[in-house]
K.L.:
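Sending over a structure as structure tokens; questions will come in a sec.
We name chains A, B, ... by the order of the sequence lines, and we start the count at 1 in each one. Here the structure is a predicted model, which means the values were calculated and not measured.
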Amino acid sequence: MDLSNHLIIAPILLPLLTGALLLLFDERKHTLKALLSVGSTLLLVAMGMVLLRVADSGTASVYLLGNWAAPFGIVLVLDRLSAVMLLVTSLLAIASLFFSLARWDKMGSHFHSLFQFLLMGLNGAFLTGDLFNLFVFFEVVLSASYGLLLHGSGPHRVRAGLHYIAMNLAASFLFLVGVALIYGVTGTLNMADLVGRIGEVPPENRFLLEAGAAILGIAFLVKAGMWPLCFWLPSAYSAAAAPVAAIFAVLSKMGIYVLLRLSPLLFGAAAGSSAGFDDKWLFAGGLVTLAFGTIGVLASQAMVRLAAFSVLVSSGTLLAAVAMSGDRSTAAALYYMISSTLTIGALFLLIELLERAQDPAAAVLSVTMEAYGDGDEDEPEEEVGVTIPATLAILGVSFGVCGILLSGLPPLSGFVGKFALLSAAIDAGNKISTLNWFFFGLLITSGLFAMVAMVRAGIRIFWAPVEIIVPRVRVIEFVPVAFLLILCIWMTAQAGPTMRYLDAAANALHDPTGYVHDVLSAAPIPSPKEAGH
Amino acid sequence: MIESAILIPLVTIPFVVSLIALALPSNARNTEAWIAGITALGLFILTAMQYPAVDDGGAIRHNIEWVPQLGLNMTFRMDGFAWLFTMLITGIGFLVVIYARYYMSPEDPVPRFYAFLLAFMGSMLGVVNSGNLIQLVVFWELTSVFSFLLIGYWYHNAAARDGARMALTITALGGLCLLAGILLIGQVVGSYDLDTVLASGSMIRGHKLYVPILVLVLIGAFTKSAQFPFHVWLPNAMSAPTPVSAYLHSATMVKAGVFLMTRLWPVLAGTPEWFTIVGLAGMATLLLGAFFAIFQQDIKGLLAYSTISHLGLITLLLSLGSPLGLVAAIFHMANHATFKASLFMAAGIIDHEAGTRDMRKLGGLFSLMPVTATLAMVASAAMAGVPLLNGFLSKEMFFAEAIEHHADSILDTAAPYVAVLASAFAVTYSIRFIHGVFFGKIPADMPKHPHEPPFFMRLPAMLLVLICLVVGILPGQTIGGYLNSAAMAVLGPEMPEYSLSIWHGFNVPLLMSVLALVAGILLYGILKTYLATSEEGPPYFRELKGQRIFERVMVSVSWRWARLLESWLGTRRLQPQLRLLAFIALVAAVLAATRRGVPHPTLSLGNMDLLFTGLWAIGIICAIGAAYQAKYHRLYALILMGGAGLVTCISFIWLSAPDLALTQLVVEVVTTVLILLGLRWLPKRIEQNYDGVSLETRLRRGRDMLLAVGCGAGTAFLAYVVMVRQPPQTIADFFVENAYELGGGRNIVNVILVDFRGFDTFGEITVLGIVALTVFSLLRRFRPAPDNIDSPEQQLLQSRHTARSDESEEAETASIADEYLYMPSVIMQWLFPVIIVFAFYLFLRGHDAPGGGFVAGIAMAAAFILQYMAAGTRWVEERLRVLPVRWMGMGLLVAAATGLGAWVFGYPFLTSHAQYIELTLIGKVPAATALIFDFGIFSLVMGATVLMLIAIAHQSIRKLRAAKLPTAQENA
């Protein structure tokens, strides 16, 4: 086994080692810590790209931890879906890490270690092929994200953090109950092994399996933020420091990822009478979440809450798309997921920069001004435009791009994703279900309302103030925002190749025979003794 | 193919130049005008050169793949119709650029203006030259976005902001509806390609989705072309700079809607639904627009409503479904673009020169600026449909179509009357504009003294007026051929018979024209005095302000209702959230389980062990008691929890799992101690009086109890069912069989933890480490609540006693060791080395017998806890340099390094190797690589636990600082 085979586990080990190494250094060695952290994250991006190539060969690469064959040991599995998740995570991470270097990383202790541990947890969750190991990585993510959420301190962070940790610990408990039940019935924890074992579960035990799966599902839905299990999410995300909120954009996608990964494995065609078990509920839940998120976006006075509710909009859309469980809808969902994750990440970062330009009273005024008019409308004003300072102009362009991406207006990737979802929703042959029509309508409406909210906020920030406060923005803070937005633009231009990749990923997800075969047939390396025989 | 590629630069160049324009300095107004002008002119010439290819029904196509999987391609396609529009967009665009150079103030930051204008031009070119309907939607929405930016160019004016937002909201709403409609078309036809769609007209009209498609597409077109009732945005968009109005609201943006209706005319038109919806909207818009225009005081407002009315006229023509009507519609689109653009330019000149656009403050300008006045008069005449001008020709065609019979409906019968009435209104407002501005007395309160503008400011309007005249006099020779190929592009080879000439003999349309002219003049005579002083807007209707209504609706829907719904559908409190979670999990599990019926497991009490049952009864009582006391009596709750934990430990031993029992016991002890230490700093909670509990509270508690019982019973039931049934073949069997053989350890649990599933352990110790870091950083900034600053009562009593005996002033700061726990504290200190040895022992025996790194780590941490408790934080930290964070880091690194070691031998991460080695004195010791891994665990667990301990312990140091702070302030 040469070194390149170990590349699969590297996205877990590298941040872990970095995080641990950083613990050995004193808090005062900022530069060293930052350098190590950035170096590790940059390497992760590089690895993500290489692994994406590897995964695109079509076979799932399997890594047997401890050299134990599946299903006895723990396996890591790299396929197209996990590879793309790794890459998205690393790209988002490098952006928020750079952003944090301007000031946030010094606002509390162990920022870089926690950040690296979070990456380790995320990468592990995307790579693992074992249900209990998934739980472990969920715990890593949960504890690290809690630490990061509290970063920067302050009563509102502590408060939001309490809600966050309480809800998610309860969800973890449900996760354990669910896994225990599934293990109790099938006798295995390996995801690939489960496919065959579930088919063999005798009918009298099916109710245990399905109860277990339902409880497990609830745990993931809390993570993904489905209504009505999502109320902790806007408060937590809007309380977090900007770079933390940005990386959190991928956190809720972890729940979606697991649903995408597990539902075809557990309840695909091989599941016998349990096939297609929970789709309707998931679909309805997704729709309500989408609606709730949209309402929240509209009702948000503070920009951060707007962004946080956008996370819910994205979650709701994805849940409904996952529930449609077709090849096309899944591919569309993946594209949408990548685009919306990067967009929301960029938005969280951007908001912090914009809020420096804000008169705190303006936020309150914007809505009342809209409601009652500002009194002096009839007075003719001078018809000469205002010259915009360069910083504000650049921020304005970014904000515009963000708004276009978020509301899914053409021509950027937000539109492509939404378009793909819409066309998948009404592509069910001649019979299109009522729920699909609802989804179709809601998705379009949510785009409109997102635009209304973004325009309101944009006018408030850039157009309404009489006196313009030019925010002090450092290059290192702006570059990450631009980087994420450019990624989205790149995704738009490269929509064809991206879609091809995601189509292949979706196909492999819905037909897991290849995945199962690759995992279960991976042979351990013979020990020297055995090799000698 | 190469030649067709010319369409790409045609659409993309404006965007590229737009970016260049944006980069120029804000005072580079001449450079800006030059590059924008050259771009527009160049594109105009380029387009003109393409005419041979699109003549006689020909088309240029160029396809670029974008997302072929979704049918999303960039198909540029230019036919005669698109060519005509491209000419209008580039030609008028060029003139607007020249005009704007003189219109915009020198202080204006024009780069932004020209950049947006060019980008808008590119978007419009994209709309008209799209061969893929989705691509059309893409550019369509871009026109909305750039028009928003253009209308809001003077964003420091509230009116500009509001107008821009309104335009964007309405047109983007329409754009999204259009997108939905196009998606449905794609679903029906199976392609978004324009040619394919145009060929599938009958398929679409026959489909059951036809009506939704029609409605959605029409909403898109109506919003863009300001058809009733979506017209409200257009008058408000007049707060844009006048060049923008001249461009967007005459020639381009508003024409996109009618362009789309014409483009899809072969597919969608000709049905009763089309006739009714489009006809009704067109007629209402035509009439209301013209009527409102009469009563406007703002010149631009008058022109805006006139635009609305003319767009209604075009829509009405399109609704008829007759080929002749379509030809007339296309003709009128071109005519209206020319005369309206020139009128807006004239309005801008007047505003520029006189300082106002209010007709009540204007008058007699003919004597001051005769050239401009002449231009405006000719253009107005075209607008009113006076013979010898282009407006007359298309209006005649409109009249001719209006009297034709198209469908048996009241709409069709009403059409001629509406046409005459609206034309009469058009005559009235045209005269009103000319008479009110250029004739009569010069009002004394005119803000500026006007004179003729620079020649180049007049030139664009002059050229446009010239076109109006030439087309009006020699229609066949000038526009004839182009109109023909444009109409042919839509209608195909079967073109209707029509003749473009001024004189068709005495016929009904001419009579109608004369009637309208006379009625219009008469109407102006009647209204003249009223209009001279009246308020803005038509009587009665002026109270019904479109903008106000829009704003109210927006605020209600997008703010009040949204807030209400959010608070109704959501909560920000934790308790309801947890309740919901429990409830939903319960319901989901019950629903899932009962879907196919749950078997009744037999509960056999025969083989029940009384002792074990009793033990569990105690455990259950403890657990329930803990929950019951948790709110007001934390200490009781904690002790009861300890009881429940102890029962769990005993159960493990009972069920022959000494390893688990040991771990559980140590964890229980240490966590209980840590919580006890932390309990000290929690704010006090005073038990409330139970007598006054309201019914509501009782109900709430009852509900919560039901939920709790349900969840508990459900979980217990599931656990019971799993435990009493025959277990399946599990991976655990493999572990039991192979732990020693392959894992090199007799303690199966330990082998599972450090070998079979070592990666889980690795993850979990990371979790522990992170939790410790989090606890530390959470408590680092924590200050005790004011009511906790005082030392506990017992301690105070003791200190008072000590103070009395030896007058020590340090009583407050001294540790408990000096005070009332002297003997225990000595023992605790002495225990330090003993526990260390014990931990070492636990660690070494781990692989074969109960023990291991985890237990050893916690035991080691217990040693530190005892020291802190016995001697106090200061005392310990003065003597011992405890660096828990380093221990944690090192632990993780050691564990990882062990795993990585396997790489050297070519094995995957965490592959272990086991053997025994002989040590002198100690004997045979297992030396699996897992032992080193276990050491990593030990180091991390110890570090993490100690870090949490320190975080709590330091509260007592901070307490003193916090206590001193307020007193210091009081003194000051």
K.L.:
Indicate the ring-plane relationship of A/Trp68 and B/Phe734, choosing parallel, tilted or perpendicular according to the 30° and 60° boundaries.
P.N.:
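A/Trp68 vs B/Phe734 ring planes: perpendicular.
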K.L.:
Under 4.5 Å from any heavy atom of chain B, what part of A/Leu76 do you find: side chain, backbone, both or neither?
P.N.:
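Only the side chain of A/Leu76 comes within 4.5 Å of chain B.
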K.L.:
Would you mind checking which part of A/Leu65 comes under 4.5 Å of any heavy atom in chain B, side chain (CB onward), backbone (N, CA, C, O), both or neither?
P.N.:
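Both backbone and side chain.
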K.L.:
Name the region of A/Val140, side chain, backbone, both or neither, that has any atom closer than 4.5 Å to a heavy atom of chain B.
P.N.:
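A/Val140 touches chain B through backbone and side-chain heavy atoms alike.
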K.L.:
Within the side chain of B/Gln187, is there an N or O that forms a donor-acceptor pair under 3.5 Å with the backbone of A/Ile426?
P.N.:
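Yes; at least one donor-acceptor contact below 3.5 Å.
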K.L.:
Given that the side chain runs from C-beta out, which part of A/Leu17 has a heavy atom under 4.5 Å from chain B: side chain, backbone, both or neither?
P.N.:
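Looking at A/Leu17, backbone and side chain both touch chain B.
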K.L.:
Measure from the side-chain N and O atoms of A/Trp227 to the backbone N and O of B/Leu569, and report whether any donor-acceptor pair falls under 3.5 Å.
P.N.:
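Between the backbone of B/Leu569 and the side chain of A/Trp227 there is a qualifying donor-acceptor contact (under 3.5 Å).
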K.L.:
Has A/Tyr146 got a side-chain atom pairing as donor or acceptor with B/Ile770's backbone, closer than 3.5 angstrom?
P.N.:
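Between the backbone of B/Ile770 and the side chain of A/Tyr146 there is no qualifying donor-acceptor contact (under 3.5 Å).
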K.L.:
What part of A/Met451 is in contact with chain B, defined as an atom under 4.5 angstrom from a non-hydrogen atom: side chain, backbone, both or neither?
P.N.:
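For A/Met451, side-chain heavy atoms alone lie under 4.5 Å from chain B.
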K.L.:
Of the backbone (N, CA, C, O) and the side chain (C-beta and beyond), which part of A/Val297 lies under 4.5 Å from a heavy atom of chain B, both, or neither?
P.N.:
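Neither the backbone nor the side chain of A/Val297 comes within 4.5 Å of chain B.
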K.L.:
For A/Ala493, is it the side chain, the backbone, both, or neither that has a heavy atom closer than 4.5 Å to a heavy atom of chain B?
P.N.:
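Backbone only.
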K.L.:
Can you confirm if the aromatic rings of A/Phe132 and B/Phe759 lie within a centre distance of less than 6.0 Å?
P.N.:
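For B/Phe759 and A/Phe132, the ring centres are not under 6.0 Å apart.
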K.L.:
Pick one of side chain, backbone, both or neither for A/Leu23, based on which atoms fall under 4.5 Å of a heavy atom in chain B.
P.N.:
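Looking at A/Leu23, backbone and side chain both touch chain B.
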K.L.:
Identify which part of A/Arg500 has an atom lying under 4.5 Å from any heavy atom of chain B, answering side chain, backbone, both or neither.
P.N.:
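Both the backbone and the side chain of A/Arg500 come within 4.5 Å of chain B.
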K.L.:
Can you tell which part of A/Phe415 gets under 4.5 Å to a heavy atom of chain B, answering side chain, backbone, both or neither?
P.N.:
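Answer is side chain: those atoms of A/Phe415 sit under 4.5 Å from chain B.
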K.L.:
With side chains defined as the heavy atoms from C-beta onward, is the minimum distance between A/Val455 and B/Phe148 less than 4.5 Å?
P.N.:
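The answer is yes; the side chains approach within 4.5 Å.
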K.L.:
Checking heavy atoms, do the side chain of A/Leu114, its backbone, both or neither come under 4.5 Å from chain B?
P.N.:
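Side chain only.
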K.L.:
With a 4.5 angstrom heavy-atom cut-off, is it the side chain or the backbone of A/Asn205 that approaches chain B, or both, or neither?
P.N.:
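The side chain, not the backbone.
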K.L.:
Check each atom of A/Leu189 against the heavy atoms of chain B and say whether the ones under 4.5 Å are side chain, backbone, both or neither.
P.N.:
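Backbone plus side chain of A/Leu189, per the 4.5 Å heavy-atom cut-off to chain B.
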K.L.:
Once you measure the plane-to-plane angle for A/Trp463 and B/Tyr155, does it fall in the parallel (<30°), tilted (30-60°) or perpendicular (>60°) bin?
P.N.:
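Ring orientation, 0 to 90° scale: parallel.
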